[in-house]
Amino acid sequence: MAVAKKDLAKAGTMAGARSFDAADGPGDTSRDLPRMENSVKSARRVFDVLEFFEEHQRAASALEVANALKFPQSSTSALMRTMTAFGYLHYDTSRRTYIPTPRVSMLGHWLSPALFTKGRLINLMEDLSAQTGETIMVAVRNGLSAQYVHVIQAKLPMRLYVKSGTLRPLARSGSGYALLSSYPDREVRRLVRLINANETRPDRQVDIKALLLELRKVRAQGHAFSVNLVTPGAGVVAVNLPPIAESQEPLVLCVAGLTDALIAQEAELADLMAKAISFHLAD
């Protein structure tokens, strides 16, 4: 049975809006990055501009980009003129708007076509988006984090916002649990030792025994489920994807939503995801 959007919307209204993109919320690993020098900050802004266009998928003015990203207007205009000069943006002089050129889409196409073209994985995500109205994400392991590499934003009135590229703690998130569940316990222990060695805060040290118990549960039920773990009032249902030719890395499919909606429909969502995976990724 497909998940009823009206039921999810009702639960979302009760819980209130939440965002997985809070600047310094629980589990936000961006605060763990080293302090950036100006040159590194400029490089980071290039990627922020490209991700803005990936999310909005339309032309935009430099002022609109600056306001959305909270960048100074003058430096944003200069940056986007430079990106235009190097062939990564096209400037429409009549409308005074920018849009990425095909050169951008070709940069990562050779790595994983399924994440950048209308392949099986994108079709799977769009199918789940249409059926649930919730935020649909694909995560991969990036070092000691889980990273959302592609996101289809929620369509419900009370919706979550999850930025593509967002990092989540590998051992303290639903997507991370799903990724770790595919590893043998010996490898999980090794990763946890690395995580704890890099963690200076005692309250964020990972309890390996508790984590292994959680991973056994994930393996037994076929999906990971977490609420209020990274963002209060929200969570994810995460399912490991089978190996596909289009990707070199293990992938996890996630449906993110508000806590009440997920608790009420965890089993239904997991079943819907399993059926969609079987339909779209069957050999």
Side-chain angles (χ1 to χ4, degrees), residues 15 18-22 24-34 134-135 137-149 160 162 165-243 247 249-271 273-274 277:
R18 291 290 184 271
S19 170
F20 279 83
D21 198 40
D24 193 37
D28 177 26
T29 55
S30 64
R31 61 187 173 188
D32 296 329
L33 296 174
E134 292 286 11
T135 302
M137 310 175 293
V138 165
V140 298
R141 179 185 158 203
N142 185 349
L144 299 179
S145 299
Q147 185 170 37
Y148 299 131
V149 293
L160 299 170
V162 186
T166 296
L167 294 171
R168 288 290 170 251
L170 189 61
R172 294 192 304 274
S173 65
S175 55
Y177 290 160
L179 286 166
L180 286 176
S181 71
S182 64
Y183 292 99
D185 286 355
R186 180 178 178 180
E187 177 64 10
V188 173
R189 291 179 184 276
R190 185 187 73 83
L191 291 170
V192 169
R193 285 196 296 269
L194 292 174
I195 291 170
N196 285 339
N198 286 279
E199 182 53 70
T200 59
R201 288 174 47 179
D203 62 311
R204 294 180 68 187
Q205 293 279 318
V206 177
D207 183 333
I208 183 60
K209 291 183 179 179
L211 176 61
L212 290 176
L213 286 175
E214 180 66 29
L215 297 184
R216 292 188 191 112
K217 179 181 177 182
V218 172
R219 295 173 186 128
Q221 65 187 9
H223 69 274
F225 178 67
S226 69
V227 292
N228 307 321
L229 186 59
V230 175
T231 300
V236 298
V237 179
V239 177
N240 287 299
L241 292 175
S247 176
E249 300 292 333
L251 303 173
V252 166
L253 179 68
C254 304
V255 175
L258 302 180
T259 295
D260 290 352
L262 291 186
I263 291 176
Q265 303 195 61
E266 174 193 353
E268 190 174 3
L269 282 169
D271 181 64
M273 294 168 74
I277 290 170

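- How far OG of S181 is from NZ of K217: 13.0 Å, rounded to the nearest 0.5 Å.
- Residues A146 and L179 share a closest heavy-atom pair of CB-CD1, 3.7 Å.
- Put simply, the side chain of N196 gets close to the backbone of V206: a donor and an acceptor are under 3.5 Å apart.
- The CD atom of E268 sits 12.0 Å away from atom CG of L262, with the distance rounded to the nearest 0.5 Å.
- Put simply, the side chain of Q221 gets close to the backbone of H223: a donor and an acceptor are under 3.5 Å apart.
- Considering every non-hydrogen atom in both A171 and Y177, the closest pair reads O-CE2, 3.4 Å.
- Listed here is the closest heavy atom pair of E199 and R204: CD-CB, 3.5 Å.
- If you take CZ on R168 and CE on M137, they are separated by 8.5 Å, rounding to the nearest 0.5 Å.
- Atom CD of E134 and atom CD of Q265 lie 8.5 Å apart (nearest 0.5 Å).
- Here the side chains of L213 and R216 are in contact, with some heavy-atom distance below 4.5 Å.
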Report task. With salt bridge (charged side-chain N to carboxylate O under 4.0 Å, His left out) as the test, would you mind laying out the steps for R190 and E187 before giving the verdict? Result -> CA-CA 5 Å; R190 185 187 73 83; E187 177 64 10; 2.7 Å; yes
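- Side-chain atoms of R186 do not come within 3.5 Å of backbone N or O of V188 as any donor-acceptor pair.
- The closest donor-acceptor contact from the side chain of T259 to the backbone of A234 lies under 3.5 Å.
- Closest approach of L229 and S226 over heavy atoms only: CD2-CB, 4.0 Å.
- For the pairing with N240, the side chain to side chain contact (heavy atoms under 4.5 Å, CB included) check across L253, L251, I277, V252 returns one residue only, V252.
- The nearest pair of heavy atoms linking G174 to V236 is CA-CG2, 3.7 Å.
- With rounding to the nearest 0.5 angstrom, the CD atom of E214 is 11.0 Å from the CZ atom of R219.
- Taking each heavy atom of A178 and A224 in turn, the nearest pair found is N-CB, 3.9 Å.
- Of the inter-residue distances, the one linking L170 atom CG with L180 atom CG reads 4.0 Å to the nearest 0.5 angstrom.
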